[in-house]
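One structure below.
No hydrogens, no waters, no symmetry mates; every other heavy atom, side chains included, goes into these values. The model shown is predicted, which means the values in this text are computed figures rather than measured ones.
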Amino acid sequence: MAPDYAWLRPVYLGDDLYANQPLCQAIREAGGSFLLVCKPASHKTLWDYLNGVDLDTVTETHRRGTAKRTYRYRWMNDVPIRHGKETLASVLVVLNLLAFALHTGCDLIETAWQKARARFRAR
């Protein structure tokens with residue numbers, strides 16, 4: 001997202017994990033564009049927003065022998081992606097606490113793990 005590459009007019013692609021307001025804002029401020037996937041389970045408010053909206057759609061049908069496949073592409077520009085005002089902070093706190101607990105557990109058993117591996121070797 002470096003401004004050095006803005007002259008290339010990059011389009012950043014990302015899965016559901018990257019579909020968040022701070023990252024989208026950083027990409028736009030650096031002069032880039034983005035195309036991100038949003039799954040219904042993790043972006044419920046966004047999908048609620050899209051229900052009932054007439055989206056731009058392109059449909060393509062491809063035939064290979066007797067098999068026929070239809071692909072439908074839908075998109076929307078300027079979608080509001082800043083959600084999570086009620087529980088987002090709580091979720092992030094819990095995830096951080098879990099990460100610290102996991103790291104602490106790994107630190108506590110690292111010596112025992114190394115000793116066990118040295119003693120039993122590959123079977």
Side-chain angles (χ1 to χ4, degrees):
M1 292 188 298
D4 299 340
Y5 300 106
W7 66 274
L8 293 171
R9 299 176 40 136
V11 176
Y12 296 90
L13 307 176
D15 65 6
D16 189 69
L17 296 174
Y18 296 96
N20 60 66
Q21 190 271 333
L23 183 63
C24 294
Q25 184 176 349
I27 292 171
R28 298 296 293 159
E29 288 173 358
S33 298
F34 54 87
L35 181 61
L36 305 173
V37 174
C38 297
K39 295 180 182 175
S42 58
H43 290 82
K44 186 176 181 333
T45 307
L46 177 63
W47 279 89
D48 289 344
Y49 177 82
L50 294 176
N51 283 337
V53 175
D54 200 19
L55 298 175
D56 293 327
T57 305
V58 171
T59 303
E60 296 179 355
T61 303
H62 297 276
R63 294 176 188 251
R64 180 177 268 174
T66 59
K68 174 182 160 183
R69 291 193 176 199
T70 301
Y71 299 93
R72 184 178 66 183
Y73 303 94
R74 301 181 317 152
W75 66 93
M76 177 180 252
N77 295 321
D78 301 320
V79 176
I81 58 171
R82 178 173 261 181
H83 306 311
K85 294 179 181 177
E86 293 178 23
T87 59
L88 180 61
S90 300
V91 170
L92 294 176
V93 167
V94 169
L95 290 174
N96 276 321
L97 291 174
L98 286 172
F100 285 128
L102 181 65
H103 285 276
T104 302
C106 289
D107 285 342
L108 292 173
I109 66 167
E110 180 181 14
T111 307
W113 173 253
Q114 294 298 332
K115 286 180 184 176
R117 284 193 52 146
R119 183 174 178 191
F120 293 109
R121 300 269 177 217
R123 293 182 184 188

L23 CG to R28 CZ distance, which is reported to the nearest 0.5 Å: 12.5 Å
Closest non-hydrogen atom pair, H43 against A19: NE2-O, 2.9 Å
R63 side chain vs A67 backbone, donor-acceptor pair below 3.5 Å: no
Closest heavy-atom pair and its distance - T59, T70: CG2-CG2, 3.5 Å
Pairwise salt bridge (Lys or Arg N to Asp or Glu O under 4.0 Å) hits with a residue in residues 33-54, at least two apart: K44-D48
Within 6.0 angstrom of F100 CZ, more than 12 heavy atoms from elsewhere: no
Main-chain N/O of C38 paired to W47 side chain as donor or acceptor, under 3.5 Å: yes
Approximate separation, where rounding is to 0.5 Å, of Q114 CD and I109 CD1: 10.5 Å
L102 CG to D107 CG distance, which is reported to the nearest 0.5 Å: 9.5 Å
Nearest non-hydrogen partners of Y12 and G32, listed with the distance: CE1-CA, 4.2 Å
Q25 side chain to E29 side chain, donor-acceptor N/O pair below 3.5 angstrom: yes
For V58 against W75, the heavy-atom pair lying closest together: CG2-CH2, 3.6 Å
Co-members of L108 in a cluster of I, L, V, M, F, W and Y side chains, linked at under 4.5 Å: none
Spatial distance of atom CG (D56) from atom CZ (R74) [nearest 0.5 Å]: 11.0 Å
